[in-house]
There are 2 protein chains.
Amino acid sequence: MSDLVRQAVDKLRSEGLRVTEQRRAILKALSQSESPKSADETHAALPVDTCDPVTAYRCLEQFEKAGVVERGVRENGTKVYCLGHGHGHHHHLTCRQCGRTERIDLCMGEEMEKVAEGFGFTEVSHVMEVFGVCPSCG
Amino acid sequence: MSDLVRQAVDKLRSEGLRVTEQRRAILKALSQSESPKSADETHAALPVDTCDPVTAYRCLEQFEKAGVVERGVRENGTKVYCLGHGHGHHHHLTCRQCGRTERIDLCMGEEMEKVAEGFGFTEVSHVMEVFGVCPSCG
DNA sequence: ATGAGTGCAAATAGTTTGCAAGCTG
DNA sequence: CAGCTTGCAAACTATTTGCACTCAT
């Protein structure tokens with residue numbers, strides 16, 4: 001089990017969530033994926049009969065609330081998740097054709113939050129995804 | 001009919017798209033909305049029997065391709081659209097509770113595109129939405 | 001007239017919910 | 001052993017598609 005998974009498992013415990021075989025498997029699958037995955041894709045990446053697809057949905061939702069995974073959105077609205085890569089917040093650049101994903105460390109989070117606070121908003125979060133056509137597909 | 005709508009209609013024509021009563025109504029509804037609307041919400045904002053919900057979906061999709069409207073995503077993945085407000089690209093700050101929306105002019109589009117081009121990507125676009133709890137709901 | 005646009009019905013995709021049974025802490 | 005979790009079935013929401021008909025150009 002990778003450090004990433006171990007770390008995630010610890011966080012789950014510290015958040016009062018239980019650690020099951022299914023959850024371990026889901027975290028492992030995410031840790032081995034270079035690009036963010038949807039709940040269904042995550043489930044598909046699991047060994048057969050690891051768990052029901054619904055469980056993947058429920059777990060990922062829990063994980064996000066617990067801050068164990070980060071959530072993004074595809075261009076079509078599909079929700080995707082990824083482990084924090086152990087290095088906090090970041091974004092992705094995704095190829096529209098082949099789905100290839102690159103990590104982008106650029107983020108205007110602080111600026112955004114300042115603006116949002118200026119409007120009196122609290123509990124600010126944001127979703128950002130960049131799309132394009134990669135060299136191989138262009 | 002507002003300038004915004006007139007402008008949009010012209011753009012439709014120049015893009016080779018046809019201008020129908022339904023499309024005019026959809027553009028008018030969007031022009032009168034302060035916040036981005038989903039296809040269904042846009043349809044709901046139309047006078048009864050203006051058109052079928054499906055038409056709203058299809059038109060908004062066309063409008064986006066033609067560059068007449070801008071598309072965003074809600075936190076839950078729902079696609080939303082808005083007229084360019086006549087002032088190009090911008091983003092929104094949306095209240096999770098009441099849906100109230102503020103416009104944000106801050107955008108790191110150029111930086112994003114530079115990074116994306118660095119990866120060899122083309123036809124770069126991005127989706128970004130900021131969410132929080134507004135003063136009234138906090 | 002001719003092809004873009006529309007309505008209606010039906011199919012999809014992604015995700016959520018209810019409830020009884022199972023397993024973790 | 002209490003309650004979080006899971007599985008299975010079913011409901012739901014947002015969106016898309018097929019096809020015949022209509023209308024803008």
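So you know, we letter chains A, B, ... as the sequences are listed, proteins then strands, and number each from 1.
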Mind calculating the distance between [atom1] ([X]) and [atom2] ([N]) to the nearest angstrom?
| X | N | atom1 | atom2 | answer |
| --- | --- | --- | --- | --- |
| B/Leu12 | D/dA24 | CG | P | 14 Å |
| A/Arg71 | C/dG14 | CZ | P | 15 Å |
| B/Glu61 | C/dG5 | CD | C1' | 13 Å |
| B/Glu75 | C/dT15 | CD | P | 14 Å |
| B/Asp10 | D/dT25 | CG | P | 12 Å |
| A/Phe63 | D/dT6 | CZ | C1' | 13 Å |
| A/Lys65 | D/dT5 | NZ | P | 11 Å |
| A/Glu15 | D/dT5 | CD | P | 12 Å |

Member of A/Glu129, A/Glu61, A/Glu64 meeting the salt bridge (charged side-chain N to carboxylate O under 4.0 Å, His left out) criterion with A/Arg71 |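 So the option named by the test is A/Glu64.
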Side chain [X], main chain [Y], donor-acceptor under 3.5 Å:
| X | Y | value |
| --- | --- | --- |
| B/Arg23 | B/Leu12 | no |
| B/Thr42 | B/Ser38 | yes |
| B/His91 | B/Met128 | yes |

Whichever of B/Glu21 and A/Thr20 has the more 5' nearest nucleotide on DNA chain C, that residue is B/Glu21
Among [options], which nucleotide sits nearest the side chain of [X]?
| X | options | result |
| --- | --- | --- |
| A/Thr55 | C/dG5, D/dG7, C/dT15 | D/dG7 |
| A/Gln22 | D/dG7, D/dA14, D/dT5 | D/dG7 |
| B/Arg18 | D/dG7, D/dC23, C/dT24 | D/dC23 |
| B/Asp52 | C/dT15, C/dG7, D/dT6 | C/dG7 |
| A/Lys79 | C/dT6, C/dG14, C/dT16 | C/dT16 |
| B/Tyr57 | C/dT6, C/dG25, D/dA14 | D/dA14 |
| A/Gln62 | D/dA9, D/dG7, D/dT5 | D/dT5 |

Nearest nucleotide by nearest heavy atom, which residue falls closer to the 5' end of DNA chain D, B/Asp40 or B/Val19?
->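 By nearest-heavy-atom nucleotide position, the 5'-most residue is B/Asp40.
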Along DNA chain D (nearest heavy atom to each residue), the more 5'-positioned of B/Arg13 and B/Gly77 |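 Looking at DNA chain D, the more 5' nearest nucleotide goes with B/Gly77.
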Just by distance, with hydrogens left out, do B/Ser125 and A/Arg96 show a side-chain donor and acceptor under 3.5 Å apart?
-> yes
Assess whether one donor atom and one acceptor atom, taken from the side chain of B/Arg58 and the base of D/dG18, lie less than 3.5 Å apart.
-> yes
With heavy atoms under 4.0 Å as the rule, sort A/Arg74 into base, sugar-phosphate or nothing.
-> nothing
